[in-house]
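All chains are named by letter (A, B, ...) in the order of the sequence lines, taking the proteins before the strands, and each is independently numbered beginning at 1. Computation of the quantities below employed the complete heavy-atom set of this structure, encompassing side-chain atoms and omitting hydrogens, waters and symmetry-equivalent molecules.
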Amino acid sequence: MRMSKLFSQTLRDRPSEAEIASHELLLRAGFIRQLAAGIFTYMPFAKRSLTKIENIMREEMSAIGGQEISMPVVHPADIWKKTNRWYQIGSEMGRFKDKAGRDMVLAMTHEEVVADLVCKEIHSYRQLPMLIYHIQTKWRDDPRPRAGLIRVREFTMKDSYSLDADMEGLDLQYRAHYQAYFNIFHRCGVPVIAVKSDVGMMGGSLAHEFMYLTPVGEDTLLICADCGYAANRHIARFQKPNPDKEDLLPVEKIETPEMTTIEELADFLGVPKSRTAKAVFMIATIPEGTEEQEKFVFAIVRGDMNLNEIKLANTVKAKELRPATDEEIRAVGAVPGYASPIAVKDTLVVVDDLIPVSPNLVAGANEEGYHLKNVNIGRDFEADIIADITLAEDGFACPQCGEKLHASRGVEVGNIFKLGTRYSKDTDSTFLDQDGETQYVIMGSYGIGSGRLLASAAEEYNDENGLILPITIAPYEVHLLSLKGAEEAAQGVYEELMNAGVEVLYDDREESPGVKFADADLIGLPLRLTVSKRSLKENSVETKRRDSEQAELIPITETVQRVQTLLTDLHNEIQDLVVEVPFDD
RNA sequence: CGGGGCGUAGCGCAGCCCGGUAGCGCGCACGGUUCGGGUCCGUGAGGUCGCCGGUUCAAAUCCGGCCGCCCCGACCA
């Protein structure tokens with residue numbers, strides 16, 4: 001490709017909207033342009049990189065038996081109503097009506113379409129197991145797109161769907177994806193860890209997220225360096241402390257004027273926060289059959305810890321959870337700031353499992369300006385549910401080995417879900433087994449966002465001068481610079497490399513050397529060749545890897561052969577990253 | 001959805017407080033110059049000052065409403 005003809009151009013200044021490296025550099029190097037919040041155009045460089053990423057996905061999917069198809073972006077709402085997600089998913093779903101007034105959905109994922117296909121195509125156990133996938137546009141109207149391609153509204157995802165006759169089959173396909181996903185990320189040069197995660201809107205029984213660890217990520221993970229435990233903070237467990245046993249003391253009412261937070265209360269009473277109980281009030285929307293019901297949830301965690309809303313939502317099986325308003329709190333007989341579970345009515349009391357072993361806590365008195373000392377569960381109040389509902393924090397004890405957990409930020413570049421019969425039941429997707437019995441098809445779903453993967457690679461590989469994308473996903477392999485007075489020789493080198501099948505970006509522009517070098521660093525192709533009067537004096541071409549400071553002169557007559565050797569080295573270095581990863585269930 | 005910031009030429013910004021003919025740098029076009037790290041000189045093109053309304057003799061500037069974009073949080077894959 002001749003740069004003089006290239007559609008995209010580089011930018012000298014940092015666009016004001018870019019705050020993180022990948023966003024800034026992808027904009028400046030001319031990979032992407034923004035159309036609206038979370039909606040991007042992929043320019044020639046990005047398109048080439050994404051195609052390479054997607055071809056790696058195709059190879060790895062094919063290797064585990066995947067067959068590529070392509071499913072629609074626009075769906076009739078009926079199939080989403082059938083699985084109930086039309087009602088469960090909120091404003092994130094793109095909805096519109098077609099000309100006849102029918103409800104339509106913009107694809108945010110494809111379980112419904114797959115289930116519809118399965119229903120029509122799969123009839124016999126002989127057709128199972130099966131694996132289908134496609135690479136396709138998704139629309140998710142995210143409330144907060146940010147950070148360039150890290151979090152967008154319209155994106156391309158490779159999503160695959162496994163179909164099995166039994167759970168053992170699902171397990172095999174799930175594990176196959178687990179390794180295939182590591183292969184894909186490693187081949188793109190992106191280091192990831194797999195963590196257990198909440199199943200969220202997908203439903204199902206088990207899920208892993210593949211996380212690229214970076215401070216610019218938006219998910220928080222808890223990782224144990226000692227035993228390797230890793231989980232999304234949404235579901236991370238930890239070893240709770242084991243407080244000393246004490247005799248239960250009589251309840252004592254104390255005056256605590258203006259003490260509405262745990263900090264103020266603990267300071268005022270001169271006790272550690274761990275001797276207090278923290279009450280959090282939420283309104284949960286809980287589905288019951290086709291109906292749903294709003295319940296007031298009174299959640300209690302120890303004062304030195306925080307509530308994990310995802311754990312709470314999962315515990316009470318809530319579809320939605322929101323903080324209760326002051327009016328709602330008063331309506332159940334509690335007093336905001338001084339609330340206690342004692343003598344409240346019409347509430348679901350959910351108590352963290354640390355509370356029953358923590359004696360003589362300070363809790364609200366349900367009276368403005370008063371708290372109670374020596375409150376004990378069982379004697380003074382009852383719990384409807386006792387469960388782990390606290391948020392794991394940096395420094396808490398690992399649930400597996402007891403060592404300190406470390407909190408880290410990450411970007412979710414992929415996820416895998418064991419769906420089981422979550423979708424096949426609602427859509428009546430069945431097959432006949434060997435005994436002629438009707439069975440539900442067992443499903444799994446697996447996704448990787450290609451743009452987010454590109455952004456993660458850009459985030460991982462850059463320096464102050466620009467991108468340094470791995471050779472497997474860089475838009476071209478070689479950046480050929482022609483400097484003044486060497487045009488003819490450069491043209492010859494360009495043609496030879498092209499004929500040898502090397503992907504070359506050829507800077508044939510009439511620009512000063514400084515501009516060309518700066519653009520080459522910014523775009524960051526793996527290998528730079530410079531043909532100049534200076535190099536020609538030695539009958540040579542200069543080569544320089546983008547990830548190295550060292551330049552080398554090679555005889556111009558051996559250019560193709562030497563370049564191919566250098567490219568092979570670069571490919572091998574990435575291939576060395578691809579390793580077997582033990583499955584962590 | 002809550003909090004904060006921004007919107008002036010393709011990009012980065014000044015001008016706004018204190019109303020009076022819209023500026024700078026980069027980029028772009030043309031001419032010359034230079035040629036291994038964003039050369040230098042000259043000439044030039046390019047702007048509904050986000051949109052609507054109000055105040056005023058006069059609005060980029062003051063007031064009101066709306067829209068858009070960015071960041072933090074909630075949320076989300």
Any side-chain N or O of A:Arg151 less than 4.0 Å from the OP1 or OP2 oxygen of B:C76? no
Where does the angle between the aromatic ring planes of A:Tyr178 and A:His208 fall among parallel (under 30°), tilted (30 to 60°) and perpendicular (over 60°)? perpendicular
Taking the same atom, P, in B:A29 and in B:C72, what whole-Å distance lies between them? 37 Å
Sticking with atom C1', work out how far B:A77 lies from B:C17, rounded to a whole angstrom. 46 Å
Looking at B:G27, I'd like to know if its phosphate oxygens (OP1 or OP2) sit under 4.0 Å from a side-chain N or O belonging to A:Arg12. yes
Closest to the A:Arg528 side chain, choosing from B:A77, B:C71, B:G36: B:G36
If we check side-chain contact (heavy atoms from CB on, under 4.5 Å) with A:Ser450, which of these qualifies: A:Lys52, A:Lys158, A:Met157, A:Met57? A:Met57
Whole-Å P distance, B:G46 and B:G23: 13 Å
For the residue pair A:Arg546 / A:Tyr461, report whether a side-chain donor-acceptor contact shorter than 3.5 Å exists. no
Under 4.0 Å between a side-chain N or O of A:Gln9 and OP1 or OP2 of B:C28? no
Taking N and O atoms by type only, does the side chain of A:Arg144 place a donor or acceptor under 3.5 Å from a partner on the base of B:G73? yes
Donor-acceptor pair under 3.5 Å: do we get one between A:Asp13's side chain and the base of B:G27? no
A:Phe417 on top of B:A77's base, within under 5.5 Å and under 30°? no
If you check the A:Ser532 side chain, which of B:G25, B:G36, B:G38 turns out closest? B:G36
Between B:C13 and A:Ser16, is there an OP1 or OP2 to side-chain N/O distance shorter than 4.0 Å? yes
Mind telling me whether A:His110 and A:His75 have parallel, tilted or perpendicular rings, with 30° and 60° as the class edges? perpendicular
Mutual orientation of the aromatic rings belonging to A:Tyr181 and A:Phe185 [parallel < 30°, tilted 30-60°, perpendicular > 60°]: perpendicular
Ranking A:Gln34 and A:Phe155 by the position along RNA chain B of their nearest nucleotide, the one closer to 5' is A:Gln34
Using atom P in both nucleotides, what's the gap between B:A60 and B:C52 to the nearest angstrom? 12 Å
B:U34 OP1/OP2 closer than 4.0 Å to side-chain N/O of A:Ser512: no
